[in-house]
Amino acid sequence: MAEFSLDSSFIPALHKPAALLPVARYRDQLLYVIETFPVTIVIGQTGSGKTTQIPQFLERAGWCADGKIIGVTQPRRVAATTVALRVADEVGCEVGKEVGYSIRFEDVTSSATRIKFLTDGLLIREALVDPLLSRYSVIMVDEAHERSISTDILLGLLKKIRRKRPDLRIIISSATLQAEDFLDFFTISSEGKATTRTADAEEGVAKIVSLEGRTFPIDILHLAAPTENYVDKAIDTVFDIHTHEGPGDILVFLTGREEIDTAMRAVSEKVSQGGDQYAGFQALPLYAGLSSEEQMHVFDKAPEGRRKVVFSTNIAEASITIDGIVFVVDCGFVKLRAYNPRTGIETLTATPVSKASASQRAGRAGRTKPGKCFRLFTEDDFHNLPEANTPEIQRSNLAPIVLQLKALGIDNVVRFDYLSSPPSEFMSKALELLYSLGALDEYAKLTRPLGLRMAELAVEPMMAKTLLSAPSYGCLSEMLTISAMTSFGGSIWFYHDGEQKAMERSRRKFAADEGDHLTLLNAYSAFVTKGKKEARFCHENHINYKTMTQAVSIRAQLKRYLERFGVDTSESLASHQGESELKLKAENIRRCLTSGYFAHAARMQPDGTFRNVEGDMTMHAHPSSLLFNRKADWVIFHEVMETGDKTFIRDITKIEKGWLLEAAPEFYKLSDKRAELP
DNA sequence: TTCGGTGGG
């Protein structure tokens, strides 16, 4: 027999044969339940094959007759595309033909498409055009247990649509045992909910089907006594695993970049000081702020004889799956957003994880063989954890959601059938802001065209207002850029360890006296004139290339929307402009920003901190802002965020006090709390 | 004097 190496002669199958997946045994049962009940709730662990197989079962069973299609939603873009590619491969078609996907900026579907994967946010937007989602015979909402805002809103819409479309089939898929909540939601009518919860449960509407998972057993260990410092404890645990346990990679859950950097440094110090027993580590960081290139390193196999240790934020809980993890170390905390409706401030605080999260994290250890999970908290602590975290919709600014619901024709946003109703103060705050922006009239009805257009633009309400007033300030092209540059959460600037000063020098090259918005405009202009051609431009200037190309796409999309509204978007050719013209242009941009961001105004105090208009809150310029450590008087800002014991404002631009009154006379006149303005 | 979990259009 000829000699061959196992490694080079065999290519591992990318996907397990579908017939071997647990879901295959449930095919007939699933088809029967879906046929019989309008709503099916599928409980299936990762690896059960539900996402890839159920749509194919349905298609073959004839659910795409009459040209209708099967829609499968995902909470994340990357999931929608990868699952579509896999299913297209199994079906044996090119992606975009019978099987396709649709995410923002990428519609890979055609008239032949029968199974379509898409983000839940995008399906909500489809409902703006087609309120009954009439193209779909079946809609499967995957990963519903994550309870993202979009998923929750979508489920509310589907419940409403179902009454008008008895033929529609809804499948809710959930990895944990929160299925009862979904069952209650679909079987109890909203009227019934208002009176007695149990009285009006509708029989025969929804049914739960539980699929067997295919994960390996995981040993879960808790601390005997609580720890004071979980970062130190995590590092000790990693070294204990290394010396006492068999081979296998380690995944450590921490809460943020700072902790991850600390852990990375501690490991490399120990490795350099310690003896042989500490050798052989490959430590890697993982968090969203890294460039995608850096994130990819966590998928590399550790060099022979070395053990991979990934220090990660919550991104590894659901968004990024690393195979080969045998040990999980869970610090027991996660940073979660909270919203204070009185101040309008979102905070980011480390919070104990939920039981659902803890078991999801533990499950990351058993994907390829039996694993172990070390929890850095006691078993008592575990029993005291909440079953699930507060759904996002109950801890976020609701202005974007209210605007979207109004545009979907849901006038009474308070009585909308939410899976979990948001607190009423959140609702009033959102209505107040939308009214002052002119998106709602005094009866809280959506205004036309302004409110409707704001809802259609894929940016936050304050920025949408700014963009729609830009033509009257003669700065539409600039505002398109600024909107695009501020509408993705993160920063365009990034740096590796020790390069922070160099990054700050690069950033200063684009600085504008007026503040951060004009600085972003300068950076974008430089990118489209030089950066697109020269590969080195981004690298040399510490700019994230991927983020910049994203900004280019967002800008183009916003421009198309405005064209559809009949706005003239033709760019005034940048003829040579003199100093005074540039100043005037900059002033118009600042006035325009004030027209949308008047509610985010602040004044610098003699000590360099900022005070809000009501005068009851002290805020600091974020160190990433140009106005950090610089003099200013009145400013508007894009974002305010509280971390630890300080409140920071980000993306700040200088304005004149008088512009605030011009932009929102009622907002400033009616309230006697706005002390500092006449 | 110095910071930010994760998503989506």
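No hydrogens, no waters, no symmetry mates; every other heavy atom, side chains included, goes into these values.
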Between [options], which nucleotide has the shortest distance from any of its atoms to the side chain of [X]?
X	options	answer
Arg76(A)	dG5(B), dC3(B), dG7(B)	dG7(B)
Arg257(A)	dG7(B), dG5(B), dT2(B)	dG5(B)
Phe628(A)	dG5(B), dG9(B), dT2(B)	dT2(B)
Phe648(A)	dG8(B), dC3(B), dT6(B)	dC3(B)
Ile315(A)	dG5(B), dG8(B), dT6(B)	dT6(B)
Ser319(A)	dC3(B), dT6(B), dG9(B)	dT6(B)
Glu460(A)	dC3(B), dT6(B), dG8(B)	dG8(B)
Thr313(A)	dC3(B), dG5(B), dG9(B)	dG5(B)
Ala288(A)	dG9(B), dT6(B), dT1(B)	dT6(B)

Phosphate OP1/OP2 of dG7(B) contacted by Arg337(A) side-chain N/O (<4.0 Å): no
Are Thr119(A) and dG9(B) close enough that a side-chain N or O sits under 4.0 Å from OP1 or OP2? yes
Remember a base hit wins even if backbone is also touched, and classify Phe105(A) as base, sugar-phosphate or nothing at under 4.0 Å, heavy atoms. nothing
How would you label the contact of Asn629(A) with the nucleic acid (heavy atoms, under 4.0 Å): base, sugar-phosphate, or nothing? base
Using whole Å, report how far [atom1] of [X] lies from [atom2] of [N].
X	N	atom1	atom2	result
Met641(A)	dG5(B)	CE	C1'	9 Å
Met503(A)	dT2(B)	CE	C1'	11 Å
Lys501(A)	dT2(B)	NZ	P	12 Å
Gln74(A)	dT6(B)	CD	C1'	16 Å
Glu106(A)	dG9(B)	CD	P	10 Å
Phe311(A)	dG5(B)	CZ	P	16 Å
Leu118(A)	dG7(B)	CG	P	18 Å
Glu258(A)	dC3(B)	CD	C1'	8 Å

Applying the salt bridge (Lys or Arg N to Asp or Glu O under 4.0 Å) test to Asp633(A), which of Lys654(A), Arg603(A), Arg611(A) qualifies? Arg603(A)
How are the rings of Phe416(A) and Tyr418(A) set to each other: parallel, tilted or perpendicular (split at 30° and 60°)? perpendicular
If the condition is side chain to side chain contact (heavy atoms under 4.5 Å, CB included), which residues does Pro461(A) pass it with, not counting sequence neighbours? Ala399(A), Pro400(A), Leu403(A), Leu434(A), Leu437(A), Met454(A)
By side chain to side chain contact (heavy atoms under 4.5 Å, CB included) - contacts of Asp513(A) (at least two apart): Arg630(A)
Is atom CD of Glu258(A) surrounded by more than 12 heavy atoms (other residues, nucleotides or ligands) closer than 6.0 Å? no
For Ser174(A) and Arg147(A), which I'm curious about, is there any donor-acceptor pair between the side chains at under 3.5 Å? no
